[in-house]
Undergrad: 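Structure in structure tokens, see below.
We name chains A, B, ... by the order of the sequence lines, and we start the count at 1 in each one. Being a predicted model, the structure only gives us computed values, none of them experimental.
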Number of protein chains: 2
Amino acid sequence: MPVTIRDVARASGVHISTVSRTFSAPHLVNPETRVRVLACAEDLGYRPNRAARALITGRTHNIGLIIADIANPFFPPLIKAAESQARHRDYHVFVADTNEDPTTEEELVHALAKQVDGVLLCSPRMSNSLIEQLSREVPLVVINRQVAGLPCVMMDVGQGARAAVEHLTGLGHRAIGLLGGPRGSWTNREIRRAAGAAARSGGAELTLLGPNPPTVAGGGAQADQVRRSGVTAVLAYNDLLAIGLIEGLDTLGVRVPQEISVVGIDDIALSRLTRPKLTTVATPTGAAGRSAVDMLLQQDTDTPRRGVARSTASGDRRTTAQLMLQTELVIRDSTGPAPAAGRPRAEAAGAGPGPHRLADPGCPSAATGEVVAS
Amino acid sequence: MPVTIRDVARASGVHISTVSRTFSAPHLVNPETRVRVLACAEDLGYRPNRAARALITGRTHNIGLIIADIANPFFPPLIKAAESQARHRDYHVFVADTNEDPTTEEELVHALAKQVDGVLLCSPRMSNSLIEQLSREVPLVVINRQVAGLPCVMMDVGQGARAAVEHLTGLGHRAIGLLGGPRGSWTNREIRRAAGAAARSGGAELTLLGPNPPTVAGGGAQADQVRRSGVTAVLAYNDLLAIGLIEGLDTLGVRVPQEISVVGIDDIALSRLTRPKLTTVATPTGAAGRSAVDMLLQQDTDTPRRGVARSTASGDRRTTAQLMLQTELVIRDSTGPAPAAGRPRAEAAGAGPGPHRLADPGCPSAATGEVVAS
DNA sequence: ATGAAAGCGCTAACAC
DNA sequence: GTGTTAGCGCTTTCAT
């Protein structure tokens, strides 16, 4: 029932190879024939079968997008941007969810390898060496992680974490908690490193709390621990943890930011909508998705057709660009001055010091990319 | 470089068809040969090329998922559930975003048709007749819309809207606003119909406000209009509109629920996290995604192999099941008793009537499905 | 500029 | 139980 190239050939009275050329190399076919063929194709509703085409060209015009957790609000904007960018370039996108499981990640790369021209690995939890190994099977672009020799798109969460900690020390906080994210997260390590350094130079002590699942529930579960720990401010691995923590603290009767300040990372849409509005580090997720697709398809264009060995990680690292996208601290209402001594407990409701607002850039301007390696 | 069936055949000293059988009809091959072939395949890292296989079997083992807006938090849980269910059944999922544009929807169905075994059409904005027509090209399951003769998965938003309006009239509200959703939305029509009926029997007047883009911004933009309209309660097309409205009202100094009650629909994760927490109609999005995949693959299993004409909408409507999933009103803090006369404006902050809570089921129990047609 | 023929990786009759 | 053959829909030499 589906109409094939043969149907079009028959209808327009030419050989199938002419029809083929009409679509894949129009300049090689007589203009008159071309319009006739095109007309017949249009008529019959012919669409080339991409899978069949891929069999011989080695180009599927599909890409894979492997995501830790689609339901985590950090990812949808990235998925949306990546899909949009891919489609503009005439690519379709497989999306798969790993549930934060490294084994599933690996399995998915294998499973998708044959039907895609490349895979975007989003916040992978597997080891770097495994990623390198997989990149021998199918072109990879890694998002939110740095892997030597592979194209990567990162967000400068280190810079963001530093800015966040400096913001807190500037407000007088000297005991700061760091609500860690999941194991295996590159982002988590970067945050820890940068926050630690910033705390040291700011004369503050950093208390590590984690690892935690990067969810609202994970944040809520740490509320009691945070209260006991004696910190007056917390930087969380992501906004969900931060929001969960604020919820949990609220339940315990601890006020944010009067008693404890909380900073998130990501600036998901949700952050503007909670009370208090969340101070957070905005990460350019849309730009990351778009750039990753561009890098993948660029790489794909450069690569000679099929039958040729893939580049190895240690081998010819042509234009293995690594892109570091800027982040930006967005100060809202969940951070304020450190309480004078200890934490006041029984102030009249609503009479405490109002939230301290240095500035609220609102929607941060589009982050600019910076190539850190090539 | 990629390892093919031929490599495995050579390595294990059998013909390629034996290798093929080892994978697609293991019972037809001698156990000893089988283990040998399997071992070689494992060794070489062989994976059958699904696209090549599809060329002859007519089964791609892919499905398409067409979504109005991935970044709308209503959809990710549905995508996640659908992808998970599909993968459990060994299917991969193309995800595409239409930006709420009916033309893009159509184009995507065409584009995907050849590389999938079926398409899930999520909250489509195009006309029913076009959907029927497209279903002749590729098997379709429609989510959030009823199309005669086609498999559909719906959520009973009509029932939900009725429950919401009854909740409001029960609280004494007599002037209720309905914040409409986008044009072309089946859900929107259902809500309007049911809310209208419920308002009538509850002795309330329903004021329509819309259509609106189903976003926070859309809700905020209507705040002033809502305030002028004189309503004491609003039912919104979805939670985003409701939350945006609450935000907007807050900016205008109108308190929710003391002056105006607001009810959303969907119960997205966000609804628990705003202040006040949103009263809303929970829709079983995960169940919808799973069921839709099941219906599609069921249909796919029933259908004879390729080369055979697709079923037409008006033709043999075998087991064209339509599934209506239950919804549930979740009462939280954004609804309260209607203000005594007009709307009080200058009450002492925090001294107004507390939020009225009939019950808070918390996480609604899994919705049960009900077949309304077959 | 177009046709003929080979073949991408795989499955499905059909022999043996 | 296994090999042979044909062919899915398409592109790509190679002739003409």
Side-chain angles (χ1 to χ4, degrees), chain A residues 1-38 40-41 44-62 111 113-117 304-308, chain B residues 1-38 40-41 44-62 111 113-117 304-308:
Chain A
M1 197 58 201
V3 32
T4 81
I5 200 174
R6 232 170 295 268
D7 300 317
V8 180
R10 201 173 309 124
S12 45
V14 295
H15 195 262
I16 61 164
S17 44
T18 302
V19 178
S20 174
R21 275 187 282 261
T22 305
F23 285 93
S24 33
H27 58 281
L28 292 181
V29 57
N30 184 307
E32 295 178 22
T33 331
R34 182 171 31 183
V35 296
R36 187 155 40 92
V37 170
L38 250 20
C40 288
L44 301 175
Y46 169 72
R47 302 248 172 176
N49 182 326
R50 288 174 165 224
R53 178 182 282 179
L55 208 50
I56 191 152
T57 61
R59 289 264 175 279
T60 62
H61 266 246
N62 294 148
K114 287 270 187 25
Q115 21 187 355
V116 300
D117 296 338
R305 288 204 330 280
R306 74 209 186 70
V308 180
Chain B
M1 196 61 199
V3 32
T4 81
I5 199 174
R6 231 171 296 268
D7 300 318
V8 179
R10 201 173 309 124
S12 45
V14 296
H15 195 262
I16 61 164
S17 48
T18 303
V19 178
S20 173
R21 274 188 283 261
T22 305
F23 286 93
S24 33
H27 57 280
L28 292 182
V29 56
N30 184 308
E32 295 177 21
T33 332
R34 184 172 29 183
V35 296
R36 187 155 40 93
V37 170
L38 251 19
C40 290
L44 301 173
Y46 169 73
R47 302 248 172 176
N49 182 326
R50 289 174 165 222
R53 179 183 279 178
L55 209 50
I56 191 153
T57 61
R59 289 266 175 277
T60 63
H61 266 246
N62 295 147
K114 287 267 185 32
Q115 14 188 1
V116 299
D117 296 338
R305 288 205 327 284
R306 74 207 186 73
V308 181

Undergrad: OP1 or OP2 of dC10(C) sitting under 4.0 Å from any side-chain N/O of S17(B)?
TA: no
Undergrad: So do the side chains of Q115(B) and N62(A) get within less than 4.5 Å of each other, counting heavy atoms only?
TA: yes
Undergrad: How many Å lie between NE2 on H61(A) and C1' on dT11(D), as a whole number?
TA: 14 Å
Undergrad: Would you kindly give the CZ-to-P distance between R53(A) and dC8(D), to the nearest whole Å?
TA: 18 Å
Undergrad: Base, sugar-phosphate, or nothing: which does S20(B) touch, judged by heavy atoms less than 4.0 Å apart?
TA: base
Undergrad: Contacts to DNA chain C from residues 21-31 of chain A, heavy-atom cutoff under 4.0 Å, which residues?
TA: R21(A), L28(A), V29(A), N30(A)
Undergrad: In terms of side-chain heavy atoms of V14(A), which of dG9(C), dG7(D), dG3(C) is nearest?
TA: dG3(C)
Undergrad: If you define the side chain from C-beta out and look only at heavy atoms, does anything of R6(B) sit under 4.5 Å from V19(B)?
TA: no
Undergrad: Which of the following nucleotides, dC10(C), dC8(D), dT11(C), is nearest to the side chain of L55(B)?
TA: dC8(D)
Undergrad: Can you measure K114(A) atom NZ to dG9(C) atom P for me and round it to whole angstrom units?
TA: 9 Å
Undergrad: Tell me whether the OP1 or OP2 atom of dG1(D) has a side-chain N or O from T33(B) closer than 4.0 Å.
TA: no
Undergrad: Without decimals, in angstroms, what is the distance between I16(B) CD1 and dA12(C) C1'?
TA: 12 Å
Undergrad: What is the distance, rounded to the nearest whole Å, between atom CG of N49(A) and atom C1' of dC8(C)?
TA: 13 Å
Undergrad: Under 4.5 Å between any side-chain heavy atoms of V37(A) and R34(A), yes or no?
TA: no
Undergrad: How close do A52(A) and L55(B) get, heavy atom to heavy atom, and via which atoms?
TA: CB-CD1, 3.7 Å
Undergrad: If we only count heavy atoms from C-beta on, is the K114(A) to R50(B) side-chain gap below 4.5 Å?
TA: no
Undergrad: Ignoring the backbone of I5(B), work out which of dT4(D), dT11(C), dT11(D) is nearest its side chain.
TA: dT11(C)
Undergrad: Within this structure, what is the CD1-to-P distance between I56(A) and dA6(C), rounded to whole angstrom?
TA: 13 Å
Undergrad: Below the 4.0 Å mark, does dC8(D) have OP1 or OP2 next to a side-chain nitrogen or oxygen of T4(A)?
TA: no
Undergrad: Taking atom P of dC8(C) as reference, at what distance in whole Å does atom CZ of R50(A) sit?
TA: 23 Å
Undergrad: Let me know the distance between CZ of R10(A) and C1' of dG3(C), rounded to the nearest Å.
TA: 16 Å
Undergrad: Does some side-chain heavy atom of P48(A) sit less than 4.5 Å from a side-chain heavy atom of I5(A)?
TA: no
Undergrad: Hey, does R21(A) have a side-chain heavy atom less than 4.5 Å from the side chain of P26(A)?
TA: no
